[in-house]
Amino acid sequence: MKPVLLIAINFAREQRWPILTLLLWVLLLAFLGLVTDIHREREDLLFVFKQDAVYVLAFSVFFGGSAIYNERRSRRILGVLSKAVGRQQYLSGLVLGVTIACAVYCFALGMTGSWTLGSASFPISHVWFLMVCLLAACALAGTVALMFSTFLNPFFAAGATAIVLGFPALAGHLLGPRWGLVIPVWELGATVINSSFDSPGSASWLVVGLAGAETVAFWLLSARIFAYVDIAVAVE
Amino acid sequence: MSFVLEFENVTKEYRSFASKRRLRALDSFSLAVEAGEIFGFLGPNGAGKSTAIHLAMGFMQPTSGNGRLLGESFGDPGARRRVGFLAESVALYHRRAERLVRFYGALNGMGGTQLDKRAREVLEIVGLQDHANRNAGKFSRGMLQRVGLAQAMVNDPELLILDEPTSALDPLARVMVRELLIGARNAGKTIFLSSHLLSEVELICDRVAMLHRGKLARLGRTTDLLQAGGRTEIIVRAIAPSHFEGAAARDGIVSFSVPTHGQRAALEKVWNLGGEVVSVNPVRRSLEEIFLEVTAEPLSPLSKGVQ
C-alpha cells in the first residue's frame with residue numbers, strides 16, 4: 001500500500017500547476033460570491049458552479065490520459081518501476097493520484113459552493129452530494145482514460161474515452177434511461193448539470209456505487225493490459 | 001556457482017505497428033553474471049545493451065527465451081527490491097535531492113530514521129552532501145547522474161545495474177565512481193556495468209561481454225581477453241634488427257613480436273646471435289582494439305534476415 005500512496009501523492013504533486021490553474025475558477029466563484037448580491041444573482045452563481053464542475057470532469061480525462069505517456073516520455077517511469085513496485089501497484093497509484101487531484105478540486109468547489117449557493121438557500125448537504133457524484137464521475141472517467149493511455153497516446157486516449165463515456169449518454173437518449181447507467185459518468189455529470197434551486201440533484205447513491213465498482217473494474221483491466229506493455233520503448 | 005543475473009536464449013524483437021517491420025534487438029542471447037564480480041557489458045550503439053538491461057529489469061517482455069534476476073523471473077518486484085538501477089538518461093522528479101533519494105528508498109519499502117540516515121549517507125558518497133537541499137531540477141547533467149547513483153544505492157542493493165553511469169561525469173567524478181564500484185565489489189556486491197568508456201571497463205571489470213547486433217560476440221575474463229592476442233613481445237639488445245621481421249630499433253634496443261608458440265625459438269636465435277634479452281611479455285591488446293575487431297565482424301545470416 002505504501003508505494004501506491006507514494007505514487008499517488010507524487011502524481012498529484014506533479015499535477016500541482018494544472019490543479020492550481022483549475023482552482024482559479026473556484027476562486028472566480030468565490031469572488032462572485034463576494035461582489036454580487038447572492039440572492040439576486042443566485043442563478044448565475046449556480047451556472048458558474050456547474051461550469052466549474054464540468055471543467056474538473058474534463059481535466060480528469062486529461063490527467064488520466066496523459067499520466068503514463070508523460071512518465072514514459074520523460075523516462076521517469078523507469079526510476080519508479082526499477083524499485084519494488086509492481087505494475088498493478090503503479091497503476092493503482094495513478095488511479096488514486098487522479099482521484100486525489102480531482103478530490104482537492106471537488107473539496108475546494110464544495111467549500112465555495114456551500115458558502116455561495118448555501119447563502120442562496122441551496123441545501124448544503126446537496127452541494128456535498130453533488131461533489132461526491134462529481135468525484136465518482138471523475139474517478140471513473142480518469143480510470144477509463146488511463147486504461148486507454150496504456151496503449152494509446154493522450155490525444156487518441158482522450159478521443160477513445162470520449163466515445164466510451166459518450167456512448168451510454170447517446171444510448172440513454174435513444175434507447176432509454178437505463179442505458180445511461182452502463183458507464184454512469186454522463187449520468188453523474190448530468191446530476192450536477194441539471195441541478196437547480198428547485199431540484200438540487202437527483203442521482204441515487206446506487207449510481208455513485210456503480211461508478212465506484214466500474215472504476216475498480218477499469219483499473220483491473222488497465223493493469224491487465226499494462227502488464228504486457230513495453231514501457232522502455234520510446235513513445236514519440 | 002551462483003548467478004545473480006541470467007539470460008537464457010533471449011530474443012527480443014521490436015515490431016513496427018504501421019509497417020509490420022521487425023527489428024531484432026537481441027538474438028538468442030545467453031549470459032550469466034556471477035555474484036561478487038564487476039561485469040562489463042559492452043557494444044556499439046544499437047547493439048542491444050539497453051534492451052537486455054530493460055528486459056532484466058522487467059520494463060519489457062522478451063519475444064522468446066527467459067531469464068532470472070537474483071533467482072527470480074525477470075520483472076519480479078521482490079527481486080528488484082535487492083537491485084539498484086541507473087538508467088542511461090537519468091530522469092528524476094524535480095524536488096530536493098534528499099527528498100528524491102528518500103522517495104526512491106521508500107518505494108523499496110524503506111522508511112523511518114534508517115531511510116533518512118541512508119539518504120544522507122549515499123548523497124555524501126556521491127559528493128552531493130552540500131546540495132542535498134537543492135532542487136534536482138536545477139542540477140547539471142553530471143549532478144543528476146550522481147543523484148541517480150545515490151537513488152540506485154539507497155537500498156544497499158546486492159546487484160547494481162548501471163547503464164552508462166559515468167557518461168556525464170568529469171574525470172574527477174569518474175574516479176570517484178570507479179572507487180565506489182570497486183568498494184562495492186569488495187563488500188560483496190555485484191555490478192553489471194554497461195559503458196562506452198572502454199578504458200574504465202578495462203580498469204575495473206572482472207569479466208566482459210561484448211554485444212554486436214544483438215548477439216554475444218565476446219565473453220571472458222578481462223585479463224584473458226586482453227592477452228588473447230597469441231603473440232609475445234621480446235625486447236633485446238646487442239643484435240641487429242634485420243634478424244627479425246618487423247623489428248624496431250631505438251637507442252640500441254630492439255623490439256619485435258612473435259607468435260607465443262614461437263617465442264622459445266626466437267629467444268634461442270637471440271642468444272645464438274650473441275644478443276641479450278631485456279624482457280619477454282605477452283602482447284596486451286586494449287579493449288578498444290577488441291571492440292573495433294568485434295564491430296568490424298560481418299553480420300550473421302540470421303541477423304541479416306531480420307534487420
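Order of the sequence lines fixes the chain letters, A, B, ..., with proteins taken first and strands second; residue numbering starts at 1 for each chain.
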Novice: Quick check on B:Leu107 against chain A: is it the side chain, the backbone, both or neither that has a heavy atom closer than 4.5 Å?
Specialist: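 Looking at B:Leu107, backbone and side chain both touch chain A.
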Novice: Atom CE of residue position A:Met111 - does it have more than 12 heavy atoms of other residues, nucleotides or ligands inside 6.0 Å?
Specialist: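 Not more than 12 within 6.0 Å, no.
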Novice: Answer with side chain, backbone, both or neither: which region of B:Ala79 has an atom nearer than 4.5 Å to a non-hydrogen atom of chain A?
Specialist: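 Neither; nothing under 4.5 Å.
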Novice: Quick check for you: among A:Pro3, A:Gly79, A:Ser82, which has the greatest number of heavy-atom pairs under 4.5 Å with chain B?
Specialist: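 If we count pairs closer than 4.5 Å to chain B, A:Ser82 comes out on top.
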Novice: Counting heavy atoms not belonging to A:His173, are there more than 12 under 6.0 Å from its NE2?
Specialist: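 Counting other residues, nucleotides and ligands, NE2 of A:His173 stays at 12 neighbours or fewer.
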Novice: Looking at A:Val229, A:Ile77, A:Asn10, which one has more heavy-atom pairs under 4.5 Å with chain B than the rest?
Specialist: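 Among A:Val229, A:Ile77, A:Asn10, the one with the most close pairs to chain B is A:Asn10.
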Novice: Give, as side chain, backbone, both or neither, the part of A:Gln88 having an atom under 4.5 angstrom from any heavy atom of chain B.
Specialist: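 Neither part.
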Novice: With only heavy atoms counted, which part of A:Gln89 is less than 4.5 Å from chain B, the side chain, the backbone, both or neither?
Specialist: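 The answer is neither part of A:Gln89.
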Novice: Would you say that more than 12 heavy atoms from the other residues, nucleotides or ligands in this model lie under 6.0 Å from the CH2 of A:Trp115, or not?
Specialist: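 Yes, CH2 of A:Trp115 has more than 12 neighbouring heavy atoms, counting only those of other groups under 6.0 Å.
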Novice: Is B:Lys49 reaching over with its side chain to a backbone N or O of B:Gly43, donor-acceptor style, under 3.5 angstrom?
Specialist: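 Checked: pair present.
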Novice: Between B:Ala87, B:Ser89, B:Ala106, which shows the greatest number of heavy-atom pairs under 4.5 Å with chain A?
Specialist: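 Between B:Ala87, B:Ser89, B:Ala106, the count favours B:Ala106.
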Novice: Heavy-atom distances under 4.5 Å only: say whether A:Ser74 touches chain B with side chain, backbone, both or neither.
Specialist: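 Backbone only.
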Novice: Does A:Arg16, at its CZ atom, have more than 12 non-hydrogen atoms belonging to other residues, nucleotides or ligands within less than 6.0 Å?
Specialist: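 Enclosed: over 12 neighbouring heavy atoms sit under 6.0 Å from CZ of A:Arg16.
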Novice: Should we say atom CZ of B:Arg95 is surrounded by more than 12 heavy atoms from elsewhere, each under 6.0 Å from it?
Specialist: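 Counting other residues, nucleotides and ligands, CZ of B:Arg95 exceeds 12 neighbours.
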Novice: Who wins among B:Ala91, B:Gly84, B:Gly58, B:Gly75 for the most heavy-atom pairs under 4.5 Å with chain A?
Specialist: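 Looking at each option in turn, the highest pair count goes to B:Ala91.
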Novice: Determine the sole option in B:Lys189, B:Arg80, B:Arg82 for which the salt bridge (charged side-chain N to carboxylate O under 4.0 Å, His left out) test with B:Glu158 is passed.
Specialist: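 Considering B:Lys189, B:Arg80, B:Arg82, a salt bridge (charged side-chain N to carboxylate O under 4.0 Å, His left out) with B:Glu158 is found only for B:Arg82.
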